[in-house]
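From a predicted model like this one, the values you see are computed outputs, not experimental measurements. In the text below, chain A, chain B and the rest are named by the order of the sequence lines, each starting its count at 1. Note that these values count all heavy atoms, side chains included, but never hydrogens, waters or copies made by symmetry.
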Protein chains: 2
Amino acid sequence: MQNEEQSSTEVKIFEAAREVFQSKGLEGARMQEIADKAEINKSMLHYYYRSKEKLFEKVYQLSIIKLIPQIAGLLNEDLPLEAKLRNFAIKYLELIKLNPDIPLFVLHEMNKNPGRLKTFMLNEVGKKIQPFLNQIQEEREKGNTVDLPVEQIMVNIISLLIFPFIGRQVLQVILNIDDSEFDQFIEERIKYLPDYLVKITLDKNSL
Amino acid sequence: MQNEEQSSTEVKIFEAAREVFQSKGLEGARMQEIADKAEINKSMLHYYYRSKEKLFEKVYQLSIIKLIPQIAGLLNEDLPLEAKLRNFAIKYLELIKLNPDIPLFVLHEMNKNPGRLKTFMLNEVGKKIQPFLNQIQEEREKGNTVDLPVEQIMVNIISLLIFPFIGRQVLQVILNIDDSEFDQFIEERIKYLPDYLVKITLDKNSL
DNA sequence: ACTAAATTTAACCATACGGTTAGATTTTGT
DNA sequence: ACAAAATCTAACCGTATGGTTAAATTTAGT
């Protein structure tokens, strides 16, 4: 057994695998490419992770597991809805900015194989969002939100927060902007979106 | 040469390929699976389309080409902005409802290989959206829109229209709804979204 | 210092998968 | 009716790729 600096092989493999799987998908990824990126012998992949499936599964699940508690945390702070929503938007954007490849990765893999992760996520995510939905519902009944079903409100929020990261390549093409212009675009978005989300969901005048 | 009923082999292959490529992606798709789905001998795939690459390219490009003129058409009708936006939302939702797998398919493939389609799409899409952006810009300068850069407005619109189709699997999990409930969810969304989009982008009171 | 375990390497294996081929069958044109 | 072309089948091929193995090297424990 080794530690500190040395123990990096297993981690290096994981990091390389994460990069490759997230950009190429399960079947698009090549074990050799992962090994090259990690700068280790291909056999090491199997030494530490048995198989491509197993390695993928680790990357896939950790991609999600890592995010869930952070997101769930934001939704369960004890704050009035408006503050909570604004806070959620800010922190969620920060989070996703640090992990911009995860959403499309997860979406594509779930689409290919809905069964792989479903039950696992059900308990982890679904339940944690429920209190937030309830809180929206309460405010809605008091007439403090836009007059839409809470699920629609939730999906509107998620859509606006997440889509630009998923659709980056297409957006860059149709808006004809390069990487750095896109980054600017995101920065701009981070500035106004929290307030905008509050407005379009909590301001009853907006609909 | 054959026609009518007979000429179906080539078409059957294409349709099968479309289904498989769109749900599994280029490398996730198996030629045998496509052949099975089309109920033909695997050699037929190569007889009609030479290679997996070529077949994929056809599916990929046609997935997009088919949609571009329809979408572009919606954006270039001679209508006041509000009517155009509402019309766009309605028709776009209809269109995407008929082709719900295309957005995620295209996004994933563009992400894996941004070069494959970029220049081709640049000319086709980018230019066609420009007049719409200009029209928004004009109204914005008159103070008739929300005070955001036109690109942000455009992305907000696209996000709200398209994300539910891309994120279907994840949404079903976190909202804990089945296929038919999701379809209901979409129907509900189709009803309110056009008006909602107009409100949140054209009503200056909304921000 | 010595041994045993952990880690790494290079060379090899098995096979899934994309692709080919030769020939059968069907269709088309005259 | 016949030949030529188009369409289709089954059987096969080559190789990329995931995976294995045996032996070398490094590390850890005493």
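Within a heavy-atom distance below 4.0 Å of DNA chain C, the residues of residues 24-43 of chain A found are A:Asn41, A:Ser43.
In this structure, B:Glu53 places its CD atom 15 Å from C1' of C:dC17, rounding to the nearest Å. The distance between atom CZ of B:Phe56 and atom P of C:dG19, rounded to the nearest whole Å, is 13 Å. The distance from atom NE2 of B:His46 to atom C1' of D:dA11 is 15 Å, rounded to the nearest whole Å. Per the geometry, OH belonging to A:Tyr48 stands 11 Å off P belonging to C:dA6, to the nearest Å. Rounded to whole Å, atom C1' of C:dT8 lies 5 Å from atom CE of A:Met44. The interatomic distance linking B:Arg50 (CZ) with C:dG19 (P) rounds to 10 Å, in whole Å. At whole-Å resolution of the value, CG in A:Leu55 and P in D:dT17 are 17 Å apart. B:Lys52 places its NZ atom 11 Å from the P atom of D:dT17, with the value rounded to the nearest Å.
Between B:Phe56 and B:Phe21, a ring centre-to-centre spacing shorter than 6.0 Å is recorded.
A donor and an acceptor atom, one from each side chain of A:Arg18 and A:Asn99, are nowhere located under 3.5 Å apart. Using modelled atom types, one finds no donor on one side chain facing an acceptor on the other under 3.5 Å when comparing B:Asn76 with B:Lys84. For the residue pair B:Tyr192/A:Gln152, the side-chain donor-acceptor check at 3.5 Å is satisfied.
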I would like to know whether B:Arg86 and B:Glu82 meet salt bridge (Lys or Arg N to Asp or Glu O under 4.0 Å); could you show each step before the answer?
CA-CA 6 Å; B:Arg86 190 175 278 108; B:Glu82 179 179 331; 3.2 Å; yes
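Classified by interplanar angle (parallel below 30°, tilted 30° to 60°, perpendicular above 60°), the ring pair A:Phe132/A:Phe88 is tilted.
Distance from the side chain of B:Tyr47 is smallest to D:dA6 among C:dT9, D:dA6, D:dG18.
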